[in-house]
Every structure is written in C-alpha cells, then in structure tokens.
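Remarks on the structure that follows.
Just so it is clear, the structure is predicted and the values come from calculations on it, not from any experiment. In this chain, residues are counted from 1 in sequence order. Just so it is clear, the values below take in all heavy atoms, side chains as well, and ignore hydrogens, waters and symmetry mates.
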Amino acid sequence: MAIASGRMSGGLLALPGVFRAQADARFLVEALSYEDLGTGTDALEIGTGTGALALHAAGRGARVTAVDVSRPAVVTARLNDLRRRLPLRVLHGDLAARTVGRRFGLYRAVRRAPIG
C-alpha cells in the first residue's frame, strides 16, 4: 500500500480509504483534556481510523487499545503510532472478539454517516 493520501493536519498519515479526522476532532481532543488519563486508565477507541484520538490519549499516559475492522486503518494507526513512539495497542477485527475479558474506563467511538 502506498501512502498516496499523504499527511493530515497534526502530521498524521492516512492511507487511501481511511477515515480522516474531521474538524470536530479538536473538540473531542479538548473533551479528553478533562478526563483523568493517567497510567491507571485503560481506554478503548472503536473505529480508530488514523488513530488521532487514541494517540492523544496514549500521549497523556493512558493504556490505549484501538480497534478497527478496516485493515488500511489498522496499518495507518500503527504507522502513526510508530512515528510518535507511544504505547498504543492497535487491533484488527471485531470489537467483541478482540476485547474479550477486557474492561475499559474510557470508550470512544465515532458514528460515521453513510456516503451518498
């Protein structure tokens, strides 16, 4: 896969077909700033896309698991994580199957409107 889509704002990469963080992502980042995301916080991002919010939470000290059903999104989030060198766990697949037995103190999911 080529990184044809290039860089996003904030220096994030996005592979073709991967949902890019929208302008309202800054409001979600601001909302996260009010959360206690210390080392004892287990956070889950569902439908991570580029990993923007998962990376923000990991940068604040949370133990973050990011899950996406899209392989390009998982690769994108992993690439962005490698560039930032944060302890982010990125998983491909179904949320229920990939997080069996795990508990999280913070959840984040985005409902994407259908195109067309």
Side-chain angles (χ1 to χ4, degrees):
M1 277 185 240
I3 304 175
S5 292
R7 295 177 191 261
M8 299 174 43
S9 63
L12 294 176
L13 300 174
L15 294 176
V18 174
F19 183 78
R20 295 168 170 262
Q22 302 298 306
D24 62 350
R26 73 172 188 232
F27 297 113
L28 295 172
V29 167
E30 184 178 337
L32 280 177
S33 71
Y34 295 105
E35 297 293 330
D36 180 16
L37 296 179
T39 55
T41 302
D42 287 314
L44 172 66
E45 183 175 33
I46 305 163
T48 194
T50 61
L53 295 174
L55 290 164
H56 177 76
R60 297 219 15 244
R63 290 184 304 258
V64 183
T65 300
V67 179
D68 207 301
V69 296
S70 163
R71 286 191 191 278
V74 169
V75 171
T76 296
R78 286 181 179 160
L79 286 171
N80 286 321
D81 180 45
L82 286 171
R83 293 176 70 232
R84 286 178 168 64
R85 299 175 189 206
L86 292 169
L88 178 64
R89 183 174 184 215
V90 184
L91 305 174
H92 173 259
D94 174 76
L95 166 69
R98 298 298 289 172
T99 59
V100 170
R102 300 272 321 270
R103 297 186 78 148
F104 298 92
L106 178 70
Y107 298 86
R108 202 286 303 170
V110 171
R111 182 184 178 279
R112 297 181 182 115
I115 300 172

Which pair of non-hydrogen atoms, one from Val90 and one from Ala77, has the smallest distance, and what is that distance? CG1-CB, 4.0 Å
Least distance between heavy atoms, Asp81 atom then Pro87 atom: OD1-N, 4.5 Å
Flag, side chain of Thr50 to backbone of Ala14, donor-acceptor distance under 3.5 Å: no
Throw together a table of side-chain donor-acceptor distances under 3.5 angstrom for residues 51-59, partners on residues two or more places apart or in other chains.
none

Flag side-chain contact, heavy atom, 4.5 Å: Val67 against Leu44: yes
Does Asp68 use its side chain to pair, donor to acceptor, with the backbone of Val74 at less than 3.5 Å? no
Can a donor-acceptor pair be found, under 3.5 Å and without considering hydrogens, that links the side chain of Asn80 to the backbone of Leu12? no
Would you give the length of the straight line joining atom CG of Asp42 to atom CZ of Arg89, rounded to the nearest 0.5 angstrom? 10.5 Å
Between CG on residue Leu91 and CZ on residue Arg78, distance to nearest 0.5 Å: 7.0 Å
